[in-house]
Protein chains: 2
Amino acid sequence: MSDSALHPLDRAIALEPLAAHRYQGQTNPAYQNMVGPYGGIIAAILLNGVLEHPDRLGEPVALTVHFAAPIADGRFELQARPMRTNRNTQHWLVELSQDDGIAAYATAITANRRDTWGTTDAEFPAVPPATDVPLAELPPLRWTGCYEMRFVEGAMGEPAAGPHPSRTRVWLRDKPARTLDFAALASLCDAFFPRIFLRRPGRVPVGTVTLTTYFHVTGAQLAAIGTEPVLGEARGSVPAQRAAGSDTR
Amino acid sequence: MSDSALHPLDRAIALEPLAAHRYQGQTNPAYQNMVGPYGGIIAAILLNGVLEHPDRLGEPVALTVHFAAPIADGRFELQARPMRTNRNTQHWLVELSQDDGIAAYATAITANRRDTWGTTDAEFPAVPPATDVPLAELPPLRWTGCYEMRFVEGAMGEPAAGPHPSRTRVWLRDKPARTLDFAALASLCDAFFPRIFLRRPGRVPVGTVTLTTYFHVTGAQLAAIGTEPVLGEARGSVPAQRAAGSDTR
């Protein structure tokens, strides 16, 4: 497949092996944010260092990303190391560096899932189907052009009615459509605008410092979703301006 | 202060500097779990490597712990490194190793908090005060002797009534009482028993693989709480047996 036939997400997360545990990649303009790349694509790149690693055991179950410094447009190096490999779980550290040091890093766990007793306590919220919710006009950034968003509640500048004014519920999908997988989902999980943009009119400087994603899903389940939109929900516990923390994005 | 005058938590997390970024510590029998130390005390030890580091900037805002392998009773070495230091935020990696390699590691962020606009969207649940809730009899493990727990709902083997059967609400306090600080809170955040113990009778093998804590609180606020109990709430999204993930503890 030629490079231009690839989905923009696959182009953006592509890694070229350099040596054991080491890869080279480069930022992709399609996912540009106001300063540097959109955080979600950085999360997907870091996870991809695990996904493409020849020693990987099982599928991702958890990912914690640290956005440590601004990322410059251009090349970066990725180092992905299994810190510990057990019989059914594997613990990872992935570092993204540029000339002036580490710009982002992540820890992850991959595991073999087993068929055991389980139950789901989370409930799917009562929301209209995506087809009944209009496509939102998004702020004209490059990365927002890579997603379709259909806000059920809590669009930017429109605090949700009811007891959770900082809650957003939104149908999300890659644009152009792309079958969901772990990398795409890792990226999608950062697509929520900062909670303070919901609670306060006007824009203030804000930056994500860390983001943790738990994957309660298998690769087969993601593939079965295909290109259908998924419902995202965000809620800030303590929306604030410039207090560091993952829910202040 | 003599060693025996220290609170058991302070003895358990004590670190002796070895060299730049390196400390030595040892497991403390007071916090023993069924196999190795209680995970919360490991979280507190890892965070303490940041708290005691001479280059630390600000206070903890986030901590992600990986429980990578069983920890043997006895000595361990800790390495705590700032991965990136910015003007107001600092990103950390802390590794705990024993003879056979890395047994646990953590990432953390510390930051200078600034006085800015903020609001609290989280609501304090309607629960009786701790003084009206009886002290629970806990399973006779060493570490459970280090805590007082008063279950408002969701005690072990007693699924909560209502829509969230895997939810626990519990008043928690160190035993003996100790003024709250970041290390004590990091430890307390692992004090919730595995959600499956709430949903299924009988005991099954279960282990925490990772735990993320966001500190929406300052050190001064923690000190103001003093030795008062704090309310903990736990809820599993997908309680399961042996599926890896932080909420399957």
Side-chain angles (χ1 to χ4, degrees), chain A residues 58 61-62 64 66-69 83-84 86 88-93 95 101-107 109-114 116-123 163-167 195-196 199-200 204 207 209-210 212 214-216 235-248, chain B residues 58 61-62 64 66-69 83-84 86 88-93 95 101-107 109-114 116-123 163-167 195-196 199-200 204 207 209-210 212 214-216 235-248:
Chain A
V61 296
T64 292
H66 280 244
F67 302 101
M83 300 282 271
R84 187 94 189 196
N86 300 312
N88 285 300
T89 58
Q90 194 171 38
H91 294 260
W92 293 85
L93 176 67
E95 297 161 85
I102 289 174
Y105 61 104
T107 61
I109 299 179
T110 54
N112 291 322
R113 287 180 184 273
R114 296 185 251 178
T116 61
W117 182 92
T119 183
T120 298
D121 192 49
E123 288 148 32
H164 304 305
S166 77
R167 186 172 72 189
R195 296 298 88 196
I196 195 171
R199 298 298 300 274
R200 277 193 103 187
V204 291
V209 290
T210 182
T212 291
Y214 299 116
F215 299 100
H216 292 295
R235 190 180 155 198
S237 297
V238 189
Q241 176 183 342
R242 289 250 184 167
S246 77
D247 61 351
T248 60
Chain B
V61 295
T64 292
H66 280 246
F67 302 100
M83 300 283 271
R84 188 96 189 194
N86 301 311
N88 285 299
T89 57
Q90 193 172 39
H91 293 261
W92 294 85
L93 176 66
E95 298 162 86
I102 289 173
Y105 61 104
T107 62
I109 298 179
T110 54
N112 292 323
R113 289 179 184 272
R114 295 186 250 178
T116 61
W117 183 90
T119 182
T120 298
D121 193 48
E123 288 148 33
H164 304 305
S166 77
R167 187 172 71 188
R195 296 297 87 195
I196 195 171
R199 298 297 301 272
R200 276 193 104 186
V204 293
V209 290
T210 182
T212 290
Y214 299 115
F215 299 99
H216 292 296
R235 190 180 154 197
S237 297
V238 190
Q241 177 184 344
R242 288 248 182 170
S246 77
D247 62 350
T248 60

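In the text below, chain A, chain B and the rest are named by the order of the sequence lines, each starting its count at 1. Hydrogens, waters and symmetry mates are skipped; everything else that's a heavy atom, side chains included, is used. Model, not experiment: these values are computed from the prediction.
To the nearest 0.5 Å, atoms CG (B/L93) and OG1 (B/T107) are separated by 7.5 Å.
Residues A/V61 and A/R113 share a closest heavy-atom pair of CG1-NH2, 3.4 Å.
B/Y105 contributes no side-chain N or O that, together with a main-chain N or O of B/A68, makes up a donor-acceptor pair within less than 3.5 Å.
Only the side chain of B/T64 comes within less than 4.5 Å of a heavy atom of chain A; its backbone N, CA, C and O stay farther away. With a 4.5 Å cut-off on non-hydrogen atoms, A/A62 touches chain B through its side chain but not through its backbone. Residue contact with chain B, scored on non-hydrogen atoms closer than 4.5 Å, is absent for A/Q90.
Of the residues B/R235, B/R167, B/R195, the one that meets the salt bridge (charged side-chain N to carboxylate O under 4.0 Å, His left out) test with A/D121 is B/R235.
Counting heavy-atom pairs closer than 4.5 Å to chain B, the top residue among A/E123, A/M83, A/H164, A/R84 is A/R84.
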